[in-house]
Peer 1: 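Got a structure here, written out as structure tokens. Questions coming.
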Protein chains: 2
Amino acid sequence: MTSKPLLPSDPADQLSVQDRRDAMHHAIRKRICLLEYPPGARLSETELAQEFGTSRTPLRRVLARLEDEGLVQSVHGVGTLVTDADIHELEHVYQLRVELTALPARLDPRLPDAAFMQKLDNFIMQSAKIIDHGTPLEFTEFDMDVFQFLLQLTGNAPLRETLERLYYQTKRLWLWAAINAKLDLVGEFRIFHHELEALQHALRSHDLDAAARIQSAHISMSFKRLFQKIK
Amino acid sequence: MTSKPLLPSDPADQLSVQDRRDAMHHAIRKRICLLEYPPGARLSETELAQEFGTSRTPLRRVLARLEDEGLVQSVHGVGTLVTDADIHELEHVYQLRVELTALPARLDPRLPDAAFMQKLDNFIMQSAKIIDHGTPLEFTEFDMDVFQFLLQLTGNAPLRETLERLYYQTKRLWLWAAINAKLDLVGEFRIFHHELEALQHALRSHDLDAAARIQSAHISMSFKRLFQKIK
DNA sequence: CCCATGACTGTTGTGCACAACACCCCATTC
DNA sequence: GAATGGGGTGTTGTGCACAACAGTCATGGG
């Protein structure tokens, strides 16, 4: 009888424990990825707990997951520090991403439907606007949306989770390089736009393998450009 | 000056916080994989905390990681339950393992040295003994050792971690099938022995790619046999 | 002036008490 | 007899207080 409370005063009350946990996890992960919390930054458990309206205990559960994912590191007596994104350490992650990104076409591939192609159209239009007057921050946020969107191309959940974890480990390094003027921004934007158009072309032919190879190739080339510029 | 305590009363005192955490994590994970905690079993936080000589708080940190890895699931008011190993849900994990197992040869491959080949010899001798009078439990424990050992063939840490996580998600399903007489045990043992000999042959030729493909093929075939038997 | 030392401050780690919740059992009622 | 309601019990989730620890700054002695 008490399965659903009547007239919940706050919509947040309906969220389960795990939902609120995921919400905090995604929020903090996004801030780290967008360099709102740059490498080396100290995250205050007390402040974050207050911000999310909870105590340290549930928040520490979230930080623990972020630590297992390699985004933060808790040091006793010092603080919870955002790990630094060093390209030499992330080279292995990039190489793994290149290989894994080719797999959605082979492991439970999902052919896109009309709604998917429609949304892809919208993304392509948005990317065209970014080329002219986009900031690195805006672009990265956009890239995150596109990434999540393209994950739908596979129904293999473990693969999706692995790709997601690796993505968030590497993306902030690109953003850092872009902000610090290490990259040819307009060039990067153009390449991304072309990638989306190429993806559209491949998907219209129902060639998921081609689409996956395109993404894989672009990750590889993106890393090459990064590595050349910031040594 | 106080960097190292004098005359530690207990060697465990020297272990860092993270070391003790990892020790608990590996211990519980092994028990789950060896079906000492079968699917559906309730893990008592209080009992486990007492056993490891700590309180619930650090132990919950470990259970949280196991939950993120998909081995247990905590339900409020009920308990921490070992997830069930269903072959239909694990099919995606198996398929991903097949693909990932081929990668060590391409991502930072490490050629085995003499000590490695020596240890491989020992493993092959041990596997020969298991064929005649081995139990499923003994075999799985042995398989875990061999798996960890073969991870040395790549220096790509993210790949190793991913392979490890996926391994522990699937292996207990094989053990369950073996215990419940769903498999031709001697046949399985023989196949594993042959796999190790084939690996030895490939590694003697310094052909890491061949070695990786052999492992990949065996995971694929092992899943096929499992799937046929337990539907 | 320089260095050592110790108190102070702020952080994460731990333990504990209680809240929130689910399940079981049994009495009660129709 | 069957359904229902309520209390009891055991579990995980949360909040809080304190321990353990690292860094900083001031102070005193050389």
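Here is the naming used below: chain letters follow the sequence lines, and residue numbers restart at 1 for every chain.
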Peer 1: Between C1' on D:dT12 and CG on B:L43, what's the gap in Å once rounded to a whole number?
Peer 2: 12 Å
Peer 1: Considering only NZ, NE, NH1 and NH2 on the basic side and carboxylate oxygens on the acidic side, decide whether A:E164 and A:R29 come within less than 4.0 Å.
Peer 2: yes
Peer 1: When we call it a touch if two heavy atoms are under 4.0 Å apart, what does A:T54 touch: a base, just sugar-phosphate, or nothing?
Peer 2: sugar-phosphate
Peer 1: Which sits closer to the 5' end of DNA chain C, A:T57 or A:V75, going by the nucleotide each is nearest to?
Peer 2: A:V75
Peer 1: Between atom CZ in A:R21 and atom P in D:dT12, what is the gap in whole Å?
Peer 2: 13 Å
Peer 1: Once you round it to whole Å, what is the distance between P of D:dA19 and NE2 of A:H76?
Peer 2: 12 Å
Peer 1: From CZ of B:R42 over to P of C:dC21, roughly how many Å is that when rounded to an integer?
Peer 2: 19 Å
Peer 1: Just checking B:L81: base, sugar-phosphate only, or nothing, at a heavy-atom cut-off of under 4.0 Å?
Peer 2: nothing
Peer 1: In terms of side-chain heavy atoms, does A:H133 have a donor or acceptor partner in A:E138 at a distance below 3.5 Å?
Peer 2: no
Peer 1: How long is the line joining CG of B:L63 and P of D:dT12, in whole Å?
Peer 2: 8 Å
Peer 1: Counting the atoms with a prime plus P, OP1 and OP2 as sugar-phosphate, which does B:L59 contact under 4.0 Å by heavy atoms, base, sugar-phosphate, or nothing?
Peer 2: nothing
Peer 1: Give B:R61 one of three labels, base, sugar-phosphate or nothing, depending on what nucleic acid heavy atoms sit under 4.0 Å from its own.
Peer 2: nothing
Peer 1: Could you check whether B:D108 pairs with B:R110 (Lys NZ or Arg NE/NH1/NH2 to Asp/Glu carboxylate O, under 4.0 Å)?
Peer 2: yes
Peer 1: Does B:T80 place a side-chain N or O at less than 4.0 Å from the phosphate oxygens OP1/OP2 of D:dT12?
Peer 2: yes
Peer 1: Which part of the nucleic acid does B:T46 contact within heavy-atom distance under 4.0 Å: base, sugar-phosphate only, or nothing?
Peer 2: nothing
Peer 1: Nearest-Å distance, CD (A:Q73) to P (C:dT12)?
Peer 2: 13 Å
Peer 1: A:S74 near the nucleic acid: base, sugar-phosphate alone, or nothing, with a heavy-atom cut-off under 4.0 Å?
Peer 2: sugar-phosphate
Peer 1: Would you kindly give the CZ-to-P distance between B:R56 and D:dC16, to the nearest whole Å?
Peer 2: 17 Å
Peer 1: Examine the side chains of A:H76 and B:Q18 and answer whether a donor and an acceptor come within less than 3.5 Å of each other.
Peer 2: no
Peer 1: Roughly how many Å is it from CZ in A:R60 to P in D:dC16, rounded to a whole number?
Peer 2: 15 Å
Peer 1: Does the salt bridge (charged side-chain N to carboxylate O under 4.0 Å, His left out) test come out yes or no for B:E69 and B:R65, once each step is laid out?
Peer 2: CA-CA 6 Å; B:E69 291 173 345; B:R65 183 169 169 188; 3.4 Å; yes
Peer 1: So which one's nearest nucleotide on DNA chain D is more toward 5', B:G79 or A:G53?
Peer 2: B:G79
